[in-house]
Amino acid sequence: MLVWLGVGWGSTHPLGKIATETGHGPFGLIFWQQAVMVAVLGAIALVRRKGMKLTGPALRFYVIVAVLGTIIPNGTFYASVAHLPSGIMSIIIAMIPMLAFPMALALGMDRFSELRLVGLAMGLLGVGLLAAPGAALPDAAMLGWLPVALVGPLFYAMEATYVAHRGTLGMDALQAMLGASLMGLILCAPVMLILDQGYSPWPLGRDDAALALSSALHALLYASYVWLAATAGAVFAAQSSYLVTAAGMIWAMVLLGERPSATVWLALAVMLAGVALVQPRTRSKAERV
């Protein structure tokens, strides 16, 4: 299951880059991404006979998660992946647990640890290696897109922290994600139209097929992640993040022909070591009591 999560989610970064090949705007891509997500998750909900909650608090939850976890981070992802190598994007996404750590500390949801502080510093070092002039990015003009690419992990970390702090209001993760995806679709539509980024995916091209496959995979992989977290525990399931980053690098080489430099591989090693130190630890029996 960990391999399925790693290989599957790792493929969504190069697929996302392929989806930007014909120049569609970020919000047009997000609109169709959310449409596929709603279709897949809606079908799962019908099979499960367990739909969305439509209470006021649930609707507020959907809006917050849609903005923090879809509209802003996906918009910056599609904008930056069109200019940056897919492998770089796979490394940057590993920043999520490192960015979530100080947020959890600020909210009193986690405890300070010197080792985890070292892990956070290693994550920043990894980004520094990527940003070093002429070291990792094949074109100096790409450097300006690196901060844009970092917006996504920041907002994903905010989303994860919000959900961990507030809970899901009695919904399981699939219900919550269906509601957030539908809300993301609704919120994205006017932004797409105002910015004139709407388009029709018919007839389907290589870019449209890549977006549809990436979106469907994300829905199925998230369902798998939820099952794994419930069965084996969140700490075990979180180990998929290593495989996602590594698989994303390999998929970028296979699908896009990217050949990362030695500095990129060094940044990958430093980043994953940092993730290993920052990941939440399994609490002892005494702590759980």
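Keep in mind that the numbers below use all heavy atoms, side chains included, and drop hydrogens, waters and symmetry copies.
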Is there a path of hydrophobic side-chain contacts, each under 4.5 Å between heavy atoms, that joins [X] and [Y]?
X: Leu195; Y: Val151; answer: yes
X: Leu54; Y: Leu46; answer: no
X: Ile91; Y: Trp9; answer: yes
X: Leu178; Y: Leu217; answer: yes
X: Met103; Y: Leu150; answer: yes

Report the distance from atom [atom1] of [X] to atom [atom2] of [Y], rounding to the nearest 0.5 Å.
X: Thr161; Y: Ile96; atom1: OG1; atom2: CD1; answer: 10.5 Å
X: Leu266; Y: Ser261; atom1: CG; atom2: OG; answer: 9.5 Å
X: Leu243; Y: Leu272; atom1: CG; atom2: CG; answer: 9.5 Å
X: Ser214; Y: Leu221; atom1: OG; atom2: CG; answer: 9.5 Å
X: Leu193; Y: Cys188; atom1: CG; atom2: SG; answer: 9.0 Å

Mind listing the closest non-hydrogen atom pair of [X] and [Y] along with its distance?
X: Pro260; Y: Met249; result: CG-CE, 3.8 Å
X: Met122; Y: Gly274; result: CB-CA, 3.9 Å
X: Ala94; Y: Met271; result: CB-CG, 3.6 Å
X: Ala157; Y: Leu99; result: CB-CB, 3.8 Å
X: Gly119; Y: Met98; result: O-SD, 3.9 Å
X: Gly10; Y: Trp251; result: C-CD1, 3.6 Å

Could you check whether any side-chain heavy atom of [X] comes within less than 4.5 Å of a side-chain heavy atom of [Y], counting everything from C-beta outward?
X: Ile186; Y: Leu182; value: yes
X: Leu137; Y: Ile88; value: yes
X: Asp172; Y: Arg48; value: yes
X: Leu130; Y: Ile92; value: yes
X: His218; Y: Met177; value: yes
X: Ser90; Y: Val244; value: no
X: Leu277; Y: Leu117; value: no
X: Thr245; Y: Ile93; value: yes

message: For residues 83-103, which residue pairs pass the ring pair (Phe, Tyr, Trp, His ring centres under 6.0 Å) check, not counting sequence neighbours?
response: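 Listed once each, the pairs are His83-Trp145.
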For the side chain of [X] and the backbone of [Y], is there at least one donor-acceptor N/O pair under 3.5 Å apart?
X: Ser80; Y: Phe77; result: yes
X: Thr12; Y: Gly8; result: no
X: Asp139; Y: Met142; result: no

Quiz: residues 200-213 side-chain donor-acceptor pairs under 3.5 angstrom, not counting sequence neighbours:
from	atom 1	to	atom 2	distance (Å)
Ser200	OG	Trp202	N	3.3
Arg206	NE	Glu21	OE1	3.0
Arg206	NH2	Glu21	OE2	3.0
Asp207	OD2	Thr22	OG1	2.5
Asp207	OD2	His24	NE2	3.4
Asp208	OD2	Gly205	N	3.0

message: For residues 119-138, which residue pairs pass the salt bridge (Lys or Arg N to Asp or Glu O under 4.0 Å) check, not counting sequence neighbours?
response: none
- prompt: After noting the C-alpha distance and the side-chain angles of Leu154 and Met158, does the key distance pass the side chain to side chain contact (heavy atoms under 4.5 Å, CB included) rule?
  reply: CA-CA 6 Å; Leu154 174 62; Met158 292 170 63; 4.3 Å; yes
For a quick test of your reading: what N or O donor-acceptor pairs under 3.5 Å do the side chains of residues 55-73 make, sequence neighbours left out?
from	atom 1	to	atom 2	distance (Å)
Thr55	OG1	Ala58	N	3.3
Tyr62	OH	Lys53	N	3.2
Tyr62	OH	Lys53	O	2.9

- prompt: What residues, two or more places apart in sequence or in another chain, satisfy side-chain contact (heavy atoms from CB on, under 4.5 Å) together with Ser86?
  reply: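 So Ser86 forms a side-chain contact (heavy atoms from CB on, under 4.5 Å) with His13, Pro14, Lys17, Ala252, Leu256, Glu258.
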For residues 26-44, dump all side-chain donor-acceptor pairs below 3.5 Å to protein atoms at least two apart in sequence or in another chain.
from	atom 1	to	atom 2	distance (Å)
Trp32	NE1	Tyr199	O	3.0
Gln33	OE1	Asn74	ND2	2.6
Gln33	NE2	Tyr78	OH	3.3

